[in-house]
Amino acid sequence: MSEEKSLNFIEEIIEADLSSNKCASISTRFPPEPNGYLHIGHSKAICLNFGLAAKYGGTTNLRFDDTNPVTEDTEYVESIKEDIKWLGFNWTNELYASDYFDKLYAFALELIEKDLAYVDDSSSEEIALLKGTPTEPGKPSEFRSRSIEENRTLFTEMKNGVYKDGEKVLRAKIDMAHTNMLMRDPIIYRIKHAHHHRTANKWCIYPMYDFAHGQSDSIENITHSICTLEFIPHRELYEWFIEKLNIFPSRQYEMARLNMTYTVMSKRKLLQLVNEGYVNGWDDPRMPTISGFRRKGYTPLSIRNFCEKIGVARRENMIDLSLLEFCLREDLNVTAKRVMAVLDPIKLVITNYDADKTEELIAENGPDETMGTRLIPFSNTLWIEREDFMEVPAKKWFRLAPGSVVRLKNAYIVKCESFEKNENGDISTIYCTYYPESKSGNDTSGISVKGTIHWLSAAHAATAEIRLYDRLFKVENPSAEEGDFKSFINPDSLTTISSAYIEPSLVESKLDDRFQFIRKGYFCLDKDSNPEKLVFNRTVTLKDTWGKIAD
RNA sequence: UGGGUUAUUGUGUAAAGGUAGCACUACAGAUUUUGAUUCUGUCUGUCUUGGUUCGAAUCCAGGUAACCCAACCA
């Protein structure tokens with residue numbers, strides 16, 4: 001039974017265009033500005049653009065929208081390329097809006113010759129003033145009626161560096177009374193004596209977004225140019241330039257951007273978090289950046305599945321973080337190697353197990369048998385999780401308590417006989433007896449237990465630093481709250497355990513390995529690790545039904 | 001108070017005039033050597049008021065609400 005999956009509105013447009021022969025094949029593009037790191041919102045656009053081309057047999061260009069030299073940098077270009085590749089996509093061409101500066105300059109000249117552009121000497125304040133407001137029409141600048149010759153001369157001089165920043169701009173001549181503010185003679189070129197990351201000092205005039213984006217799409221024969229809702233008003237201008245320049249008719253389609261609970265998505269806010277030290281860089285595992293998710297241990301597949309599940313539509317949305325986490329666990333559950341680690345240790349001594357004895361016990365690496373098994377050392381002195389013992393057991397408690405029995409995962413069933421407290425009243429040691437015939441794999445004891453807990457042999461365990469991450473913000477939508485969004489940062493977004501116990505096999509971990517620390521969550525090695533000190537990041541917790549009951 | 005866009009369960013997203021479906025979340029139960037996974041089940045929805053129609057989430061008219069637009073940013 002193959003169930004017909006419904007199309008999103010862009011797929012419907014594409015299928016209509018293809019079947020009506022409006023276009024023979026499709027071309028999309030992903031057009032980031034290299035002024036910051038990519039975040040999970042960008043991955044929606046990436047998956048959509050690349051996914052559409054893959055589905056319909058088209059091409060996808062990676063085009064850097066680098067028309068503003070003062071904010072852009074090659075550091076960002078490199079990170080963006082790395083992130084897209086990591087997500088699993090390959091672009092057809094790597095291009096830059098700056099590749100088209102000569103063509104765009106010629107386009108501007110063409111508009112001047114058609115008397116559709118003019119040089120304005122007004123200051124930005126004067127231009128803003130004459131622009132009017134959404135409810136009042138604008139008024140023409142005194143420079144609007146300059147002759148074509150004069151405009152040509154002045155624009156050439158602008159390009160040749162005769163004028164200082166802000167002294168002159170080139171504007172399209174459209175309609176100062178238009179209801180769309182963007183059509184009120186928009187600025188299309190401005191003077192910036194700035195170093196550009198690719199063209200260096202060749203240019204001192206740079207095209208604005210509106211004069212670069214549509215024409216770049218057109219130059220590349222992009223058929224479906226997908227952007228977010230806030231660009232709806234730009235579409236009219238986008239089409240105006242294409243029409244007046246009589247170039248390939250790319251078409252713009254808008255979709256809602258991704259918003260997610262418990263985080264912020266604007267580059268401005270993310271930059272603040274980095275610059276003001278609320279996080280440790282763009283790839284801090286608490287950041288919603290692709291590099292942050294990668295470092296935290298997310299898999300490319302989980303993010304692609306997430307982008308598939310959230311859909312594409314034109315209404316504002318706020319996606320539950322739990323959907324992303326569901327996609328993550330869904331992937332990790334079948335791929336992560338199962339190992340044991342004790343984050344908050346308490347000593348357990350098995351009084352009837354020979355103190356000099358060590359056994360190698362068999363443990364499965366994962367739920368799938370093809371993942372194989374490994375041997376783990378067992379002895380009479382173990383570390384177990386402090387939270388797995390209760391002096392006075394709660395209702396429905398089926399872990400360790402005085403007189404109760406539990407199974408040690410992959411080992412024996414033990415019975416708690418007694419315990420000791422230290423001078424602070426904290427439990428320091430638990431004493432148990434074990435049932436030799438209850439050995440994992442060939443249990444003939446006939447004892448049934450409700451609880452199974454993880455453990456580590458104290459003599460054999462290695463140590464590591466473990467970083468536990470929680471949501472970055474305390475509130476679902478920090479941007480919508482009154483006041484500074486930074487005041488809603490979760491103070492417990494990072495908990496560092498400087499010395500936790502891990503099973504010996506983990507000392508050989510590699511950066512790409514994914515683990516489930518049994519009963520504790522999914523973890524991965526952090527790049528801060530070195531031969532002296534291993535560092536693990538918690539990628540995501542396991543679902544915790546007991547935690548809810550206990551509350 | 002100009003223009004544009006949108007409104008389906010707690011959250012997403014389908015239904016192209018004909019059974020309001022799917023996923024996440026939440027809750028309940030079964031299985032479990034991870035209180036995980038897996039399996040089974042349950043709950044809640046068409047912004048509003050009218051109209052057209054045998055029949056409206058869908059078409060029409062009027063409200064309402066949210067978001068976007070007045071950078072030499074993208």
Side-chain angles (χ1 to χ4, degrees), chain A residues 3 5-8 12 31-33 35 65-68 70-72 97 120 122-124 127-129 131-138 165-171 178-182 184 186-192 205-206 208-210 212-213 227-236 254 256 261 267-268 309-327 329-330 333-334 338 340 364 367 396-399 406-411 413 438 440-441 443 449-454 476 516-521 541-550:
Chain A
E3 223 165 83
K5 196 181 174 298
S6 56
L7 303 176
N8 65 48
E12 283 179 0
E33 182 186 14
N35 69 345
D65 228 332
D66 56 349
T67 57
N68 186 358
V70 304
T71 58
E72 295 154 5
D120 195 327
S122 311
S123 68
S124 65
I127 290 177
L129 218 57
K131 199 150 200 171
T133 69
T135 51
E136 302 163 59
D165 289 12
E167 234 177 293
K168 286 181 167 47
V169 291
L170 184 71
R171 303 177 71 178
H178 206 288
T179 53
N180 181 350
M181 297 290 287
L182 279 158
R184 321 243 262 227
I187 292 166
I188 59 178
Y189 259 98
R190 75 293 211 188
I191 301 170
K192 274 180 194 280
I205 56 170
Y206 292 92
M208 297 286 288
Y209 166 85
D210 286 303
H213 202 99
C227 60
T228 47
L229 254 25
E230 64 267 29
F231 288 93
I232 289 174
H234 294 253
R235 188 175 61 228
E236 201 171 6
E254 309 87 10
T261 54
K267 265 187 200 171
R268 200 191 97 249
K309 281 188 206 292
I310 59 177
V312 179
R314 278 167 74 85
R315 42 178 176 265
E316 300 285 342
N317 59 74
M318 177 65 73
I319 311 279
D320 260 329
L321 175 60
S322 57
L323 180 61
L324 214 208
E325 294 185 336
F326 167 81
C327 294
R329 293 190 184 108
E330 185 183 40
N333 180 47
V334 298
R338 310 293 136 119
M340 294 199 276
E364 314 84 37
K396 285 194 168 179
W397 176 262
F398 40 84
R399 303 181 193 173
V406 296
R407 173 171 290 281
L408 298 172
K409 176 79 178 167
N410 298 128
I413 293 173
S438 68
S440 185
D443 183 349
V449 295
K450 285 284 274 185
T452 300
I453 65 172
H454 60 283
E476 282 203 351
Q516 184 193 109
F517 290 0
I518 288 176
R519 303 208 303 133
K520 297 309 295 179
T541 59
L542 259 24
K543 279 186 74 175
D544 182 13
T545 310
W546 170 251
K548 282 182 207 160
I549 296 168

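To find a chain, count down the sequence lines: A is the first, B the second, and so on, and within it residues start at 1. Predicted model, so just to flag it, every value in this text is computed and none were measured.
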Could you tell me whether the phosphate oxygens of [N], OP1 or OP2, come under 4.0 Å of any side-chain nitrogen or oxygen in [X]?
X      : N     : value
A/S6   : B/U13 : no
A/T135 : B/G3  : no
A/R519 : B/A36 : no
A/R190 : B/A74 : yes

Check every atom of [options] against the side chain of [X] and return the nucleotide holding the closest atom.
X      : options             : answer
A/E33  : B/C73, B/U5, B/A26  : B/C73
A/L323 : B/U5, B/A74, B/C24  : B/C24
A/K309 : B/A23, B/C24, B/G35 : B/A23

Discussion item. On the side chain of A/R338, is there an atom forming a donor-acceptor pair with the base of B/U34 - under 3.5 Å, no angle test?
Written reply: yes

Practice prompt. Kindly indicate whether the side chain of A/Q516 and the base of B/U34 share any N or O donor-acceptor pair separated by less than 3.5 Å?
Written response: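 Present.
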
Fill in: Close aromatic pair by centroid cut-off 6.0 Å: A/Y209 and A/H234
yes

[X] near the nucleic acid: base, sugar-phosphate alone, or nothing, with a heavy-atom cut-off under 4.0 Å?
X      : value
A/K192 : sugar-phosphate
A/G441 : base
A/D320 : base
A/E12  : base
A/L229 : nothing
A/K548 : sugar-phosphate
A/F326 : sugar-phosphate
A/Y189 : nothing
A/R184 : nothing
A/P367 : nothing
A/Y206 : nothing
A/S122 : base

Worksheet entry | A/T452 (side chain) donor-acceptor with A/K409 (main chain) under 3.5 angstrom |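 No, A/T452 side chain to A/K409 backbone: no donor-acceptor pair under 3.5 Å.
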
[N] - base-pair partner by Watson-Crick or wobble geometry, distances under 3.5 Å:
N     : value
B/U34 : none
B/C67 : B/G4
B/A74 : none

Worksheet item: Mind telling me whether B/A71 is syn or anti, cutoff 90° either side of 0?
Response: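 Classified syn.
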
Worksheet entry | Option from A/L170, A/D165, A/N68, A/I205 for which side-chain contact (heavy atoms from CB on, under 4.5 Å) with A/R190 holds |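 The single option meeting the side-chain contact (heavy atoms from CB on, under 4.5 Å) with A/R190 is A/N68.
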
Discussion item. I'd like the P distance from B/U58 over to B/U19, given in whole Å.
Written reply: 14 Å

